[in-house]
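Since the structure comes first, as structure tokens, the remarks are kept for the end.
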Amino acid sequence: MTSSLFLFNTSSRKKELFTPKDPERVTMYVCGPTVYNYIHIGNARPAVVFDVLFRLLKREYGTVIYARNITDVDDKIIAAAQENDESMSAITTRFTKAYRDDVSALKTLAPTLEPLATEHIEEMIQLTEILMNKGHAYLAEANVLFSVQSMKDYGALSNRAIEDMLAGARVEIAQYKKHPGDFVLWKPSKSGEPGWDSPWGFGRPGWHLECSAMAHSHLGQDIDIHGGGRDLIFPHHENEIAQSCCAYGGNFVNHWMHNATVDIDGEKMSKSLGNIRTVRDLLKNYRGDVLKLALLSTHYRSPLNFSTALLEQSEKTLTSFYNGLREVDEIPIDEVNIADTSFYEALCDDLNTPLAISELHSMTKRINTGSLSEKRIAKSQLLAAGSLLGLLDCEPNAWLQGGLDLISISPEEIDSLILERDKAKKAKNYARADEIRGLLTGKGVLLEDSSDGTRWRRSSD
RNA sequence: GGCUCGGUGGCAGAGUGGUCAUGCAGCGGAUUGCAAAUCCGUCUACGCCGGUUCGAUUCCGACCCGAGCCUCCA
């Protein structure tokens, strides 16, 4: 409680002091995945960024209700189901599990709640009815549409005027819309398509509806933080605001937060561009900790250029932290108040993770160079800081020797070769000793001689 | 066209009106049988042009270049 948390608010385009409506119960809603495919590393960015925020808020306030939805009804899912000749729920069940596995491999905590759209159809129908009754929605050819002209501040979040929305329209506009910007709350389902009975016939919800309904039913009025990718600002979040404010009154959200994209060669990674890297594939070559650190190595509001070089560097960085930790493995840790550190201060300044990571380096340096008592403090701080990021929770040796099966030799064989090399060294047979070192290097095993004997770790390349 | 956001050293990436980011890589050294790890030292910066200022990478303006949203998207 020593630092003040400042967060950039998309709505005001400024950093603002974060002041929860109820400090005893902080509420955060983050847009989760549409589950019809494996997620890519760009989808993982909000999961990781808001995980750090979740941890930080818990540290500051204690109780945080973090909801991250699963969109399990959607046209893309229906299309995928038809393509694979399976049911929508078969697809969504499979990819919901895959999503949870992937983000958990990235060392993120499970949110407090993971509401499913299909389990909130009733709430969505109710919300639509309210909007109809208040004159914000109308029925047109079996679609229920939200009328953007019925709301005076429509477009405020993304700073665009309703009049301008025609200008850039690149998409054919349905004839039955009163205004081109009007969006679907409820749409009819054809036979064979999934749907639910409603006052407007058999159908399904529009995309934006679920977040408004679920945020309201789980988190209540005026939630503290709503997060998601920058590309959701318009139309998704704009439309959520329209629905929620017009139906329930209030502000809907006090702090809007948006992470920038993950890019490949300076271009946004997206399914439509076909330049995606799935988390699943990346995890075959890199540990989740590496991916997480990579995603945190750029400030969340700046585009992150994704590359192999970035991952290699992140891996090296983690290894250097663990190298330090291994040296002080025997030193006990103390309770430290992480809030007193520059590390914490950096996080409290709109989640400045790159600066926070530089403080991790500085703590590691103190582990390597400090007096015994300094080492002890630095180790305690480094571990506490790591845990606030959801990193550095491995045994140093397990990290340095383990991970992916990139070494083609068993630990037993390594140990016996080390033994043989020790004997050769004692006999001053350096030729044989170097031969063994070379042999192991070839297998990705790096030997390190020290006064306590020889130890090994996986080589980084 | 409208609305946003950027351009920092070989790379990644913070930040600031006036000595230092940080990491990786490089170079020199210490240490080592040789290495590794670690340590010490060290070189490359703030897109371009003006303005404000004692002083600007940092503020203001123009320009150039790039990205995002306006369509499903994290």
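By convention in this document, chain letters (A, B, ...) are assigned in the order of the sequence lines, proteins followed by strands, and residues within each chain are numbered from 1.
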Choose from [options] the nucleotide whose nearest atom is closest to any side-chain atom of [X].
X        : options             : answer
A:Lys76  : B:G68, B:A74, B:C72 : B:C72
A:Leu355 : B:A14, B:C24, B:U38 : B:A14
A:Ser358 : B:A14, B:A21, B:A74 : B:A21
A:Glu448 : B:G2, B:G23, B:A35  : B:A35
A:Pro354 : B:A14, B:A74, B:G33 : B:A14
A:Lys365 : B:C39, B:A36, B:A74 : B:C39
A:Asp263 : B:C5, B:G33, B:A67  : B:A67
A:Leu232 : B:C69, B:C72, B:A74 : B:A74
A:Pro46  : B:A74, B:U38, B:A35 : B:A74
A:Ser302 : B:A14, B:A36, B:A74 : B:A14

Does the structure show a Watson-Crick or G-U wobble partner for [N], both distances under 3.5 Å? Name it, or say none.
N     : result
B:C34 : none
B:G66 : B:C5
B:U58 : none
B:C39 : B:G29
B:U22 : B:A12
B:G17 : none

Hey, is the side chain of [X] poking within less than 4.0 Å of OP1 or OP2 on [N], counting only N and O atoms?
X        : N     : value
A:Lys316 : B:A12 : no
A:Asn368 : B:C39 : yes
A:Arg457 : B:A37 : yes

With rounding to the nearest 0.5 angstrom, report the [atom1] to [atom2] distance, [X] to [Y].
X        : Y        : atom1 : atom2 : value
A:Glu238 : A:Asp153 : CD    : CG    : 9.5 Å
A:Arg230 : A:Lys268 : CZ    : NZ    : 11.0 Å
A:Asp350 : A:Tyr300 : CG    : OH    : 3.5 Å
A:Arg457 : A:Thr319 : CZ    : OG1   : 6.5 Å

**Asked** Is any N or O donor-acceptor pair between the side chain of A:Arg301 and the base of B:C5 shorter than 3.5 Å?
**Response** no
**Message:** Can you say whether a donor on the side chain of A:Arg421 sits under 3.5 Å from an acceptor on the base of B:G33, or the other way round?
**Reply:** yes
What contact category does [X] fall into here, base, sugar-phosphate, or nothing, at under 4.0 angstrom with non-hydrogen atoms?
X        : result
A:Asn259 : base
A:Asn352 : sugar-phosphate
A:His40  : base
A:Ala44  : nothing
A:Asp434 : base
A:Arg455 : nothing
A:Ser158 : sugar-phosphate
A:Leu447 : base
A:Lys428 : nothing
A:Val49  : nothing
A:Gly42  : base
A:Arg45  : nothing
A:Asn43  : base
A:Lys268 : base

Expressed in whole Å, how much space separates the [atom1] atoms belonging to [N] and [M]?
N     : M     : atom1 : answer
B:C46 : B:C27 : P     : 24 Å
B:U19 : B:G28 : C1'   : 24 Å
B:U58 : B:U8  : C1'   : 11 Å
B:G13 : B:G23 : C1'   : 8 Å
B:C49 : B:U38 : P     : 42 Å

**Residue that, paired with A:Met257, satisfies side chain to side chain contact (heavy atoms under 4.5 Å, CB included) out of A:Val30, A:Ile225, A:Val49** =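 Going through the options one by one, the only one that passes is A:Ile225.
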**Request:** If the plane angle is over 60° it's perpendicular, under 30° parallel, otherwise tilted; pick one for A:His237 and A:His226.
**Result:**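 A:His237 and A:His226: perpendicular rings.
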**Request:** Please work out which of the three classes, parallel, tilted or perpendicular, describes the rings of A:Phe183 and A:Tyr154, given edges at 30° and 60°.
**Result:**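 A:Tyr154 and A:Phe183: parallel rings.
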**Prompt:** Hey, which of these two, A:Asp449 or A:Asn159, hits RNA chain B nearer its 5' end, going by closest nucleotide?
**Reply:**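 Nearest-nucleotide comparison on RNA chain B picks A:Asn159.
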**Asked** A:Tyr430 or A:Pro303: which one's nearest nucleotide on RNA chain B is closer to the 5' end?
**Response**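 Between the two, 5'-proximity favours A:Pro303.
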Expressed as a whole number of angstroms, how long is the span from [X]:[atom1] to [N]:[atom2]?
X        : N     : atom1 : atom2 : answer
A:His361 : B:U38 : NE2   : P     : 11 Å
A:Leu446 : B:C34 : CG    : C1'   : 13 Å
A:Asn239 : B:C69 : CG    : C1'   : 13 Å
A:Ile77  : B:C72 : CD1   : C1'   : 12 Å
A:His179 : B:C70 : NE2   : P     : 17 Å
A:Phe234 : B:G68 : CZ    : P     : 18 Å
A:Leu360 : B:A12 : CG    : P     : 22 Å
A:Glu327 : B:A36 : CD    : P     : 15 Å

**Prompt:** Side chains of A:Glu312 and A:Tyr286: donor-acceptor distance under 3.5 Å anywhere?
**Reply:** yes
**Request:** Report the residue from A:Thr34, A:Thr118, A:Thr93 that forms a side-chain hydrogen bond (donor to acceptor under 3.5 Å, both in side chains) with A:Asp72.
**Result:**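 Answer to the side-chain hydrogen bond (donor to acceptor under 3.5 Å, both in side chains) test with A:Asp72 among A:Thr34, A:Thr118, A:Thr93: A:Thr118.
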**Asked** Got A:Ile91 and A:Phe95 here, is their nearest side-chain heavy-atom distance under 4.5 Å?
**Response**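 They are in contact (side-chain heavy atoms under 4.5 Å apart), so the answer is yes.
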